[in-house]
Amino acid sequence: MKKNVLAKKIVFFTILVLVWQAISMSDVWPNNIFPSPYEVGEDLVYMAADGSLFFGIATSIMRLAVGLGIAIVGGVVLGIFMARVETVNQTIGSLVLGLQSIPSIAWVPLAILWFGLTDGGIIFVTAIGAIFAVTINTYTGVKNIDPHYVEAARNMGAKGTQLTTNVLIPAAFPYMITGFKQGWAFAWRGVIGAELLFSFLGLGFLLNVGRQLNDVSQVIAIMLVIMLIGMAVDGFIFKKIENKVMSRWGLR
Amino acid sequence: MKKNVLAKKIVFFTILVLVWQAISMSDVWPNNIFPSPYEVGEDLVYMAADGSLFFGIATSIMRLAVGLGIAIVGGVVLGIFMARVETVNQTIGSLVLGLQSIPSIAWVPLAILWFGLTDGGIIFVTAIGAIFAVTINTYTGVKNIDPHYVEAARNMGAKGTQLTTNVLIPAAFPYMITGFKQGWAFAWRGVIGAELLFSFLGLGFLLNVGRQLNDVSQVIAIMLVIMLIGMAVDGFIFKKIENKVMSRWGLR
Amino acid sequence: DSSREASGDTLRVAFFPNIGHAIPVVGMERGTFESDLGNSTNIETKLFDSGPQVIESLFAKSIDIAYVGPGPAINGFLKSEKHDVVILSGAASGGASFIVHPNSQINSADDFAGKRIAAPQIGNTQDVSLRNYLSENGLKPYEKGGSVVVLNIPNPDIYTLFTKGEIAAAWVPEPWATILVQELDGKRLFYEEELWPKNKFASVLLIGRQEYITANPEVVTKWLESHQQTANWINDNPLETRIIFNEFMQNTMGQTLSDSVVDEALVNLEITTDSVDDSIYTFAQRADSLGYLGRDGFSLDGIFFDIASNESVEETK
Amino acid sequence: MAKLETKGIVKYFKHESHNLMALGGVDLKVEDGDFVCLVGPSGCGKSTFLRIIAGLESPDEGQVIFDGKPVTTTGPERIMVFQEGALFPWLRVQDNVEFGLKMAGIPKEERSQISKRYLDMMQLTKFADFFTYQLSTGMKQRVAIARALVMDPDVLLMDEPFAALDAQTRDLLLVEMQLIWEKTKKTILFVTHNVAEAVVLGTKVAVFSNRPSKIKKQISIDFKRPRLTEDENLLGLQQEILSELRPEVKKIK
Amino acid sequence: MAKLETKGIVKYFKHESHNLMALGGVDLKVEDGDFVCLVGPSGCGKSTFLRIIAGLESPDEGQVIFDGKPVTTTGPERIMVFQEGALFPWLRVQDNVEFGLKMAGIPKEERSQISKRYLDMMQLTKFADFFTYQLSTGMKQRVAIARALVMDPDVLLMDEPFAALDAQTRDLLLVEMQLIWEKTKKTILFVTHNVAEAVVLGTKVAVFSNRPSKIKKQISIDFKRPRLTEDENLLGLQQEILSELRPEVKKIK
Ligand SMILES: Nc1ncnc2c1ncn2[C@@H]1O[C@H](COP(=O)(O)OP(=O)(O)OP(=O)(O)O)[C@@H](O)[C@H]1O
Ligand SMILES: Nc1ncnc2c1ncn2[C@@H]1O[C@H](COP(=O)(O)OP(=O)(O)OP(=O)(O)O)[C@@H](O)[C@H]1O
Ligand SMILES: [Mg+2]
Ligand SMILES: [Mg+2]
């Protein structure tokens, strides 16, 4: 990042915080509705100091990782099946499109029913929120594979699993990355939403505690944390993978 | 749809319902936690008969439409600004990326505080969940406009608003459509999630009522409705627009 | 539009579709409040299912008065800068029990170690009571390094988990306590009131926005009178109360509770306008020691509002 | 007075480590009604030069003088035809052609009268309702020219407009281009890397040197029209221009 | 016994309303070491014929007989080189070349020994670590050929492998192709729409008729190698083949 861009950013965010502080100090809204950045910062420091913040982050990220992992594996397998076996596409495919439009939060009651109050339940909600985005993108990716790749590979003796791992998956990878990214966005929403409703550890739980105790500054503090983690994952993990894949495939 | 595809689908979904019925009739889970499809259907009929289902659907769709409308207008404006004014991108742009990764459900406590228990609050949650997806895709779209379009237009005397409405928006439209679609997915999740937590009319509310009363069959019935609406919007509205735009642009 | 500012011609009331909130339910269903307030005041009712959300809505000026438990009431009073939220009256006392799962082999606090015990959301009445009870018995929750896993989950989910045997016990309000006993063979280990002085503690309170109250004292006065009358009527007519309550449930939620659940729940509750002030101070102290009331200490000065003198009651303990 | 004159146009481009001097002081005089073809080695700055004249880019030094007055911005009297056509895919052929008129606020009816004339001239009347993806490359190029002519510019700036065409279509358009020029008497600046094209079209051919580029040589061509690429009379001129170009192209390597 | 023989190959394709008979009974005998070039009007089914031989598609009637035995599936003895190369962009050049060996389960070291030989032959050793987007079109085509040769097939099936190349690169590869054939003595079936290419490469040229296609004529070519496209001796043969083709192409219109 060039120096002057960084400077602009610093100035911008400083102004933002100052305006926020000014609004909260003026009496437009009482403090219980609109806390000051100072209070929010205090809450963050306090939660960091007693360790609950880091425990919450670790818990949420662990669940996210497992849930997203399941979604990726499951979605890729399902997507490949749908793309390669027409009957699977015609049957399960239409179900997938439907399930994809159920908000993951709607699964919470059933998750509690089926998994109880366990990490399993939250992971289920996370995974089911993300899996169909992965599935649909994998499906599109495999469908769009240049048929010459597949024919060349078959001609050179690839078949079955060999064909899948050596050709189908790498060839569909640029699309799959998009699916992973979308999946991650849904999974992150899913994990926070589920924790909020399950109220069983994690950042969503901390958000809920803030809410239950009508502590707005804790709510905002946790939202900031959620946002920072989201930015980090987007900016470091996905941007990197995407750039690498895109340049490797000669797409940019 | 060809006859035999339709037949396959019918067979598949029939089997699905039968398996479900069989599981619920076997005594793996008691009926109050795993209802049969018959009970779910009964609940649907009942809710349809007393009108609460249609009222719920209408309420949710109204909120969705307003929220998504706001997100689209706001997102397009913001996205164009970010793409055309470098400073806006360097400052607000990085904020947008961050806000995008806050699950919309996390906004619910603030929405209630700021808007009270009103449609306004739910619409806020819906709009804020969707706006950044629209913004980011519009930004990408405008950034990727062939510079020759803009130069040709400027050369022929277009400037300011004229340039925006006559060139930037139509040229970026294929990307914007993607943004609208993503925005819709987030908005739909947002509206259901918000209604579930606000507990104030709409399909999310009906879901919550089912939950509060431990009426799993109502929960599943509402999930089916949510899924069908999602499929309808995806399949009829977005598929149509997308196909039209793609063929117009000669992209397929 | 429900967000408009307070005005004398509309009173916006919040309560839960729950047997503990029998006063507003019965009072509204029988039309008592409407006729007592007269034609000049239009009553809007709003159903909620969580106390914190009621407080949020009070803060947002979406509602004027509300029936909630003491936890949210105290939080609302303390978190609002100028003490916007005050207690007007009691609405119910008692009515929570400790229910153990039939297979859990819990007979007393000695058997809690290693068990999963549920209470509704953090900071609510049962949650505070449960955590306090644990520490009085020398137990600590899991997250504080102890052996008892305390789960804060909504009542319907407690029911689900109880069905599946995933929790050993639950500290729940009526009618859930009775439902667990009648439907799932739960064992009532003790009634919460047994742990309180005089066997009484406030479980539902009538609270309001100070701004609205001072602007519309006549409306609130009439409401309070009607509130008292309804409480008396309920105590005189338990059978009709059950019928009215179930009609209300059918109309608003599309479902009813079984008659025996409502009857037993009503017996376990006391519908009273007594706000059992002592129990509120005790409760606040317990909540504070759990860290629920912020880091800066607390004072309940002014939490009780006397409508007759139109000012907060200065009362110190 | 020359219709269009450039005086000492210099243009730098920033690259990672150093500044690249693309144009090293280009002087050119174009009389009213001239058809000037610009040729030069690839990357010497021909497109940049045209863009500066159009006002789409500004020079680091020097001036563009039009009708005696310096110009610095885009203007309807200097209209560019891009290599790729740069037609708007979201508009029908007719709307593409009318685009500039619409921007100028001319009412719909008047617009369609004007566009009709140029669609006719370009033999596009039948395709007025088509979208651009439905056109062949040659038709697209004709739409692009019609879109420029509709603006009735004094100067038409054309940047390798025929580079993407196959030989047949190109030959056709080369003839059409000459007819248009004779009919409309526009002043035209025409960039091409194809020397045969240049001698067929131009009243003058200007040869650019390699970077930093200047105009190395100008050659006038007086043959009767319409000229064809097969014309053997033009071969000598082609050779002359090529012999000027060759050493410049070699410098690149 | 012929190395490869097709007997009455018939192939239909379903179109909306009717079935299109692409191949109408193709009989062809290819001896061991033959270099057979297949020419024919566009859309007559040359690619389809090659794909049937490779086992990538199955005929509706007729048989492909290899070494006396009918074959119906793909096999390592019949390897195809696609027009676009169909290289895998996710693999480096060397891994692309080794792909077939890897599928056959040959261990890494042995693979790299084998691939080294063919990378050398194709002058690709320096580029072993490149990804395909870093290669020119000509280099890609050489990788594709190396990838096929590595399989050491008895028959090499090539479907217009040089169609996308510019004239210079093509001339170069035409020479290389002849050297490879002389060195390896592979049997080659080579589809092209370029008659000059066919006469330069082939020991035989087979001309397809229009749909439903059969082989209309076979011509043997005996000139010494390496032959070049400029070779005037080959012009007569080109004329002969073109005169066979012309009526077929006309039938399409
Ligand atoms: N926006 C830019 N930024 C940096 N360098 C540029 C830019 N535009 C052009 N250049 C450089 O300036 C030089 C001249 O470019 P220009 O496109 O004008 O050449 P040209 O003569 O039109 O070439 P061609 O015949 O290949 O079209 C080139 O070296 C090019 O790399
Ligand atoms: N999968 C398919 N489905 C339907 N029709 C097909 C299919 N593949 C080929 N065809 C048709 O079969 C005919 C022969 O096609 P093929 O590609 O074999 O021709 P070709 O001789 O290779 O043509 P070209 O010289 O253009 O490559 C064509 O008319 C084509 O449209
Ligand atoms: Mg150029
Ligand atoms: Mg072919």
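Just so we're on the same page: letters track the sequence lines, and every chain starts at 1.
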Please flag which part of B:L16 lies under 4.5 Å from any non-hydrogen atom of chain A: side chain, backbone, both or neither.
side chain
Would you give the length of the straight line joining atom OG1 of B:T91 to atom CD1 of A:I15, rounded to the nearest 0.5 angstrom?
9.5 Å
Pairwise distance CD1(A:I105) to OG(B:S104) - rounded to 0.5 angstrom:
8.0 Å
B:L110 and A:V216 have their tightest heavy-atom pair at CD2-CG1, 3.5 Å
Counting heavy-atom pairs under 4.5 Å with chain A, the top scorer among B:D234, B:L113, B:I10 is B:L113
CD1-OG distance between B:I226 and A:S101, expressed to the nearest 0.5 angstrom
9.0 Å
For B:M62, look at atom CE and say whether over 12 heavy atoms of other residues, nucleotides or ligands are found less than 6.0 Å away.
yes
Identify which part of B:L95 has an atom lying under 4.5 Å from any heavy atom of chain A, answering side chain, backbone, both or neither.
both
Using non-hydrogen atoms only, which part of A:L99 is less than 4.5 Å away from chain B: side chain, backbone, both, or neither?
both
Can you tell me which portion of B:L228 sits under 4.5 Å from chain A's heavy atoms? Options are side chain, backbone, both or neither.
neither
Under a plain distance cut-off of 3.5 Å, with no hydrogens placed, do A:K8 and B:T87 share a side-chain donor-acceptor pair?
yes
Quick check for you: among A:M231, A:M223, A:R211, which has the greatest number of heavy-atom pairs under 4.5 Å with chain B?
A:M223
Toward chain B: residues of residues 177-187 of chain A with heavy atoms under 4.5 Å:
A:Q182, A:A185, A:F186
Approximate separation, where rounding is to 0.5 Å, of A:F12 CZ and B:S94 OG
6.5 Å
Minimum-distance pair of heavy atoms, taken over all atoms of A:R189 and B:I102:
NH2-O, 4.1 Å
